[in-house]
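Take a look at the structure set out below.
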Amino acid sequence: MNASEFRRRGKEMVDYVANYLEGIESRLVYPDVEPGYLRPLIPSSAPEEPETYEDIIGDIERIIMPGVTHWNSPYFFAYFPTANSYPSMLADMLCGAISCIGFSWAASPACTELETVMLDWLGKMLRLPDAFLAGNAGMGGGVIQGSASEATLVALLAARTKVIRRLQAASPELTQAAIMEKLVAYASDQAHSSVERAGLIGGVRMKLIPSDSNFAMRASALREALERDKAAGLIPFFVVATLGTTNCCSFDSLLEVGPICNQEEMWLHIDAAYAGSAFICPEFRHLLDGVEFADSFNFNPHKWLLVNFDCSAMW
Ligand SMILES: *Cc1c(COP(=O)(O)O)cnc(C)c1O
């Protein structure tokens with residue numbers, strides 16, 4: 001495809017996308033296919049000869065769309081909300097053109113700096129404490145992760161490293177394996193399944209604290225588990241508090257759980273994946289009170305702020 005064909009096909013694609021979104025409510029929101037539906041419909045290996053562009057595009061309606069769950073359909077009420085918008089899709093196109101890779105400042109200065117400044121904007125909109133912002137020369141600052149699941153895992157791995165270093169500084173003979181064997185993390189029994197999975201990937205125990213009658217993790221239940229585990233020789237090091245649980249939008253009691261985490265030197269990570277966007281509204285900001293006790297905070301603009309997957313903001 002050369003530049004002149006790209007201009008033509010690009011305009012066709014924009015029309016296809018606009019038609020798709022304008023007509024999305026006439027599509028079956030949940031596909032009527034069985035697992036494995038796709039494989040018989042396409043060749044078993046990559047073709048030796050090219051196919052025409054029209055044939056490939058034709059396959060989208062013939063093969064792909066029948067297997068798509070239309071998350072942005074007005075009839076979609078499953079899992080959790082996900083977002084997109086025309087500006088967000090245009091921006092994705094530009095990112096594709098630049099091939100934006102930002103693993104270091106020099107890898108693309110504008111990429112790194114725009115991310116840092118935008119995450120400060122977002123942080124200020126949420127009224128995060130100053131310590132979370134990069135400012136001009138701050139220690140804080142946010143980064144974009146792919147998903148809230150990834151953010152929880154990153155926080156858990158950081159917390160794990162931090163506690164291992166702290167304990168080894170005090171007792172250099174302790175091996176990493178000896179410490180890891182004793183580490184224990186906590187989350188409420190209402191936490192997202194990715195929290196339990198972060199424990200599995202991170203190779204540490206993850207204990208689910210029974211929530212109260214409002215589906216909230218409270219100080220008393222956390223204390224009880226904590227004391228029992230410490231008495232058994234375990235090392236509590238990490239707590240995930242959820243603000244807006246996926247199942248029912250309950251809120252763990254940050255003002256109760258936060259001080260315990262600080263006293264016990266446990267890393268407190270806040271998972272506010274979908275409800276987080278609401279804290280921008282002054283009338284909902286009180287639900288974030290206690291964030292000052294947290295070591296890390298995450299929410300998903302890709303759920304409620306009109307940007308398409310994947311954009312998970314982590315401070
Ligand atoms: C949606 C959700 C997640 C997972 O979000 P991903 O970005 O898809 O990983 C985690 N926690 C909560 C509370 C959620 O609502």
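Along the sequence shown, residues are numbered consecutively beginning with 1. The structure displayed is predicted, hence computed values, not measured ones. In listed order, ligands and their atoms are each counted from 1.
One hydrophobic cluster, built from ILVMFWY side chains closer than 4.5 Å, holds both L243 and L287. Tracing side-chain contacts under 4.5 Å through hydrophobic residues (I, L, V, M, F, W, Y), one never reaches F237 starting from L222; they form parts of separate clusters.
Pairs passing the ring pair (Phe, Tyr, Trp, His ring centres under 6.0 Å) check and including a residue from residues 54-74, sequence neighbours excluded, read Y20-H70, W71-F76, W71-Y79, W71-F80.
Residues F293 and V257 fail the side-chain proximity criterion, which asks for heavy atoms closer than 4.5 Å.
Looking only at protein heavy atoms, the nearest one to atom 9 (O) of ligand 1 is S149 OG, 2.5 Å. Of the protein's heavy atoms, F80 CZ, 3.7 Å lies nearest to atom 8 (O) of ligand 1. For atom 10 (C) of ligand 1, the closest non-hydrogen atom on the protein side is H192 CG, 3.3 Å. For atom 6 (P) of ligand 1, the closest heavy atom belonging to the protein is A148 N, 3.5 Å. Distance from atom 11 (N) of ligand 1 to its nearest protein heavy atom, with residue and atom name: D271 OD2, 2.6 Å.
Any N or O atom pair closer than 3.5 Å counts here, and N300 shares at least one such pair with ligand 1. Considering backbone and side-chain N/O of K303, one or more are found under 3.5 Å from N/O of ligand 1. Checking only distances, H302 does come within under 3.5 Å of ligand 1, N or O to N or O.
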Next on the checklist: Does S296 form a side-chain hydrogen bond (donor to acceptor under 3.5 Å, both in side chains) with W267? I'd like the steps, not just the answer.
Outcome noted: CA-CA 8 Å; S296 51; W267 181 300; 2.8 Å; yes

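Donor-acceptor pairing under 3.5 Å is recorded for the side chains of T245 and S250. Counted by atom type alone, T242 and D271 present zero donor-acceptor pairs between their side chains at under 3.5 Å.
For the side-chain hydrogen bond (donor to acceptor under 3.5 Å, both in side chains) with Y16, the qualifying choice from E61, K11, R9 is E61, the only one to do so.
Annotation for ligand 1: atoms under 4.0 Å from non-hydrogen atoms of Y274 are 15 (O).
Taking 4.0 Å as the cut-off, G244 counts as a neighbour of ligand 1 on heavy-atom distance.
When heavy-atom distances to ligand 1 are checked against a 4.0 Å cut-off, E150 has no atom that comes that close, whether in backbone or side chain.
Closest heavy-atom approach to atom 12 (C) of ligand 1 within the set D310, N247, T246, T152: this belongs to T246.
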